[in-house]
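Notes follow the structure.
What you see is a predicted model, and the numbers here were worked out from it, not measured in a lab.
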Amino acid sequence: FTVGVERSPLKQYRISSKNHQQLAHRNAGGGDWNAIQDFITGPDPQAPLSKDRFYQRLANTPVNDLPQVEQMVKITFTEHAILQTNSKDKLLSQYNDHDVHDHEDVSVNKLKQEQVDEFMVVACLGGGDAQKMAIDIKNQAMKFIPWGGVAAHLRRNGKSTLLNTENRKNHNQDKNNIKFVEGKAFCFLPLPVGTGMPVHINGYFELSSNRRDIWFGQDMAGDGKRRSEWNSVLLSDAIGPAYSRLLAAAARDFGDTDPKLYYSLWPTTPPSEPWRTAYKALFRGTKDLPVLFTTYDGGSWIPASKAIVIGKDYSDESKVIDIDDNEDEHNVDVHNQINDDTTVVADGKMSLENILLSEGLPVVMVPQDLQTALVTENAVHAEAGPKFIRDHFSKPIQHPCIDMNYHSSSSSTDRNVGHKHALFLLSIASSDVNIQSRLSDVTRFDVLENLPFIPLGNHSMGTFQKRYLPKTYYESDNSIDESDDDEDVADLDTSEEVNRSIDHIRFIVNNEHEKQLLSSIPEKLVCIDSFDNDFDNDNINKQGVDFEKNVKEEGQSHAYKIIENGRKVLQQIADCGRLNVLKLTPLHLCTLLELLLPGDWSPNNLDNLGLDQVPWVTIDSVPSSSQTKALEGRRNNQNSKSRSTSSRIPPPNEEWVIHFWRYISAQDTEQGGGGSV
C-alpha cells in the first residue's frame with residue numbers, strides 16, 4: 001500500500017499466482033507452492049521441525065522425491081497520482097484515457113495506471129552434491145539448505161517481453177518497449193548483481209561479507225572455501241535443474257504458440273563465474289526433458305539428447321527462428337508448419353532438414369546462437385554435417401530419401417527426387433574432403449566408400465566402392481605421390497583390371513554417342529546430366545524438363561547450387577579413379593560389349609556353332625519362322641550351364657550400330673589411327 005489523499009491507504013502492489021497443476025491443459029502437476037516450506041518446517045506450522053530432524057528428513061529422501069514447484073505468478077503494480085484540474089491535460093498526455101477516472105465537478109481527481117507483469121517461477125530442493133553437502137554433519141553449523149529457483153519474466157500488460165535487437169544493444173528504458181530482460185540474483189532479497197542469463201535466480205546462497213554478491217573464489221581455504229563450494233553445488237544441483245524444468249514447462253505452455261518468446265528464455269552465451277556453473281547444469285538437464293521441437297511424425301517436443309540440429313553451413317536459413325524479428329507475430333504457430341512425412345518435400349522445398357526428416361530423424365530448427373550453445377555444451381544428439389551424413393548413410397539400412405521405390409509409391413510427382421537428394425547429400429558429405437586433404441591426393445574421396453549416392457540411369461542408386469587398382473595407375477598423371485595403400489594395388493594390366501572390377505563400375509558418359517551406346521544397360525550409366533531422361537530405346541532422345549530452369553523457377557537456387565556441386569564431385573571422383581565411378585573410355589566399352597550384345601554374338605558361341613555370322617533379328621523387324629527356328633535350335637544345342645545371361649539380350653537396332661561405329665571411328669581418329677581401338 002501507499003499513502004493517498006488525506007493519508008488514506010491506496011493499494012499499490014497485488015500478487016496472484018497459480019500452481020503448475022492449476023494451469024490449463026496440464027497433465028503433470030508442479031506441486032503446491034508451499035511444498036518446499038512444508039518440507040523444511042514440517043506440515044504443522046505450530047510444531048516446526050528442528051534442524052536435526054530436517055537434515056535427517058533431507059538425508060532420507062530420494063532425489064526424485066524432493067519437492068519442486070512450478071507456478072505462474074502475476075504481479076499487478078498500480079500507480080496513483082493526484083490530478084489537479086489545471087494540470088489535467090499535461091498528465092493525460094502521459095497516460096491512456098481509460099486509466100483516468102475524473103469528474104468535472106471536483107478539483108481533485110484520482111489517476112490510476114496498472115502495470116501487470118507475468119512470471120513463470122520454478123523452485124526446488126536440489127539433490128546430488130548439494131544434498132550431500134547440506135546433510136554432511138561437518139557442515140550443519142553452516143545451515144546449508146539446497147533451495148533454489150528461477151523466474152522468467154514473460155509478459156508485461158499482456159505483451160511479450162521478447163527482446164529485439166535494438167533493446168539488446170541500447171537497453172531501452174521506454175515504458176512502451178520492454179527492455180532486455182537481464183536476470184538478477186536473489187538470496188530471498190535482491191542482490192545488486194546480474195546473472196548474465198535471461199532469468200532471475202534465487203537461492204539459499206552464502207553471501208559475501210558486504211552482502212552484495214554471492215561468495216565465490218578459487219583460492220580460498222577454511223570456511224571461505226566451503227562457502228564458495230556450497231554456492232557452486234547449489235547452482236549446479238538446484239538452480240540448473242530448476243532452469244531446465246522451467247524451459248520444459250514453457251515449452252508445454254507456449255512453445256507452440258509463441259516460439260520466439262520461448263527461445264528467448266534460453267541463455268546462449270556462457271556467463272561469467274559463478275553463474276556459468278548454472279549455465280552448464282541447465283544444458284545437462286535439458287538432455288532428458290522435452291525442450292526442443294521437431295516436426296517429424298506430426299510434431300512433438302523431444303529431449304535435447306535425441307535432437308539433431310543442422311550444421312550452420314548446411315541449414316535452410318529461411319527455417320531458422322529469428323528471435324530478433326521485430327514483427328508483432330508472436331502468436332503464429334511456426335512449429336506447426338509441418339511437412340507431410342510421406343514425401344520429403346511436401347512444400348516443394350528441398351533442404352537438408354526435409355531430407356533428414358524423411359529418414360525418420362528428429363531434426364530441430366532453433367536460433368543459430370542457441371544451436372551453437374547446444375552443440376558446444378554437447379546437449380544434442382548430433383549436428384548434421386559431412387561426417388554425420390557419411391556415418392548415417394553408410395549404414396546398411398533402407399534410406400527413404402533416396403529410395404526410388406519409396407518415392408514412386410508416395411505422393412511425390414518427381415520420379416527423380418531420389419537422385420536429386422543423392423547429389424544434394426553427396427555435395428555435403430564431401431564438403432570437408434578438399435579442405436582436409438590436398439587436391440592432388442587421390443585417396444581423399446575414400447571417405448565416401450559405402451555411401452549409396454550414385455544416381456543411375458535406371459532410377460536406382462549405386463554405392464561407392466573402392467576399385468582394385470593396378471600399380472601402373474599410380475605411375476600415371478592421376479597422382480603425384482605413390483599410394484601407400486598396398487592392399488588396393490595389383491599387378492594387373494589395364495585390360496585385366498577392367499575385367500576384374502567391371503561388375504561394380506559405373507560410368508559417366510562424355511557425349512551423346514556414349515549415352516546412346518549404354519542405353520540398354522542404364523544400371524551402368526551414372527545419371528549426371530539430365531534427371532528426366534528415361535534411358536531407354538524409345539525415349540533415348542527425349543530430354544524432358546530442364547532441371548536447372550525448373551529449380552530456379554521454384555526459388556530453390558540454394559538447393560540447385562548444392563546439387564550442381566554434387567555433379568562436380570562425381571566428376572572429380574571419376575578423375576581420381578579410386579572409386580567405382582569412371583569416365584567411359586573405348587576400352588571400357590569393349591569390355592561392356594558382352595552386356596550390350598546378345599550372347600549368340602560372342603566369338604566363342606559362333607565357334608561352337610560353326611558360324612562366321614549371325615542372323616540380325618532386331619526389335620524393328622519380325623523374323624521369319626525359319627530364322628526363328630534356326631536360332632532357337634542353335635541355342636538349345638548349347639549347354640545350359642554355359643549360357644550367358646546376355647543371351648537374353650535382344651540384338652541392337654540399326655541406329656545403335658551406327659552410333660557404335662561413329663564412336664569407334666571418332667576415338668580411333670583422336671588416337672591417331674592405327675587401329676588401336
Taking the side chain as everything from C-beta on, heavy atoms only, tell me whether [X] gets closer than 4.5 Å to [Y].
X: L361; Y: H392; result: yes
X: P586; Y: Y663; result: yes
X: F283; Y: L374; result: yes
X: Q571; Y: K583; result: yes
X: I308; Y: V364; result: no
X: S460; Y: P522; result: no
X: N458; Y: L525; result: no
X: P303; Y: V291; result: no

Distance from [X] atom [atom1] to [Y] atom [atom2], nearest 0.5 Å?
X: M365; Y: Q368; atom1: CE; atom2: CD; result: 8.5 Å
X: L592; Y: L517; atom1: CG; atom2: CG; result: 10.0 Å
X: I658; Y: H513; atom1: CD1; atom2: NE2; result: 11.0 Å
X: I521; Y: E594; atom1: CD1; atom2: CD; result: 10.0 Å
X: E512; Y: Q516; atom1: CD; atom2: CD; result: 5.0 Å
X: L456; Y: H419; atom1: CG; atom2: NE2; result: 6.0 Å

Return yes if some donor-acceptor pair links the side-chain N/O of [X] with the main-chain N/O of [Y] below 3.5 Å, else return no.
X: S394; Y: D391; answer: yes
X: H421; Y: C401; answer: yes
X: S358; Y: I355; answer: yes
X: S300; Y: Y296; answer: no
X: T268; Y: D369; answer: no
X: T443; Y: D446; answer: no
X: N580; Y: H504; answer: yes
X: K287; Y: N378; answer: yes
X: R578; Y: F445; answer: no
X: S430; Y: L426; answer: yes

Quick check: closest heavy atoms across [X] and [Y], and the distance to 0.1 Å?
X: R390; Y: L451; answer: O-CD2, 3.5 Å
X: A422; Y: I402; answer: N-CG2, 3.9 Å
X: P386; Y: S431; answer: CG-OG, 3.1 Å
X: G418; Y: M461; answer: O-SD, 4.3 Å
X: V363; Y: T294; answer: O-OG1, 2.8 Å
X: L292; Y: V366; answer: CD2-CG1, 3.9 Å

Donor-acceptor pair between [X] and [Y] side chains, under 3.5 angstrom:
X: N450; Y: Q465; answer: no
X: S351; Y: Y314; answer: no
X: T585; Y: H588; answer: yes

> Do the two ring centres, one from F453 and one from F464, sit under 6.0 Å apart?
Replying inline: no

> For the rings on W301 and Y262, is their centre-to-centre separation under 6.0 Å?
Replying inline: yes

>> Please determine whether a side-chain nitrogen of the Lys or Arg among D288 and K306 lies less than 4.0 Å from a carboxylate oxygen of the Asp or Glu.
In response: no

>> Salt bridge check, K561 against E564: does any charged N sit closer than 4.0 Å to a carboxylate O?
In response: no

> Where do S427 and I563 land on the side chain to side chain contact (heavy atoms under 4.5 Å, CB included) test, with the steps shown first?
Replying inline: CA-CA 7 Å; S427 178; I563 293 173; over 6 Å; no

> Can you say whether the rings of H399 and F393 are parallel (under 30°), tilted (30 to 60°) or perpendicular (over 60°)?
Replying inline: tilted

> For F293 and D256, what are the C-alpha separation, side-chain angles and deciding distance, and is it a side chain to side chain contact (heavy atoms under 4.5 Å, CB included)?
Replying inline: CA-CA 9 Å; F293 188 85; D256 290 333; 3.6 Å; yes

>> Between I508 and L584, is the side chain to side chain contact (heavy atoms under 4.5 Å, CB included) condition met? List the steps.
In response: CA-CA 6 Å; I508 295 176; L584 186 69; over 6 Å; no

>> Test of understanding: with ring-ring contact (aromatic ring centres under 6.0 Å, His included), list the residues that count as partners of F388, not counting sequence neighbours.
In response: none

> Between I389 and L356, is a side chain to side chain contact (heavy atoms under 4.5 Å, CB included) present by the stated rule, with each step listed?
Replying inline: CA-CA 9 Å; I389 296 298; L356 295 183; 4.1 Å; yes

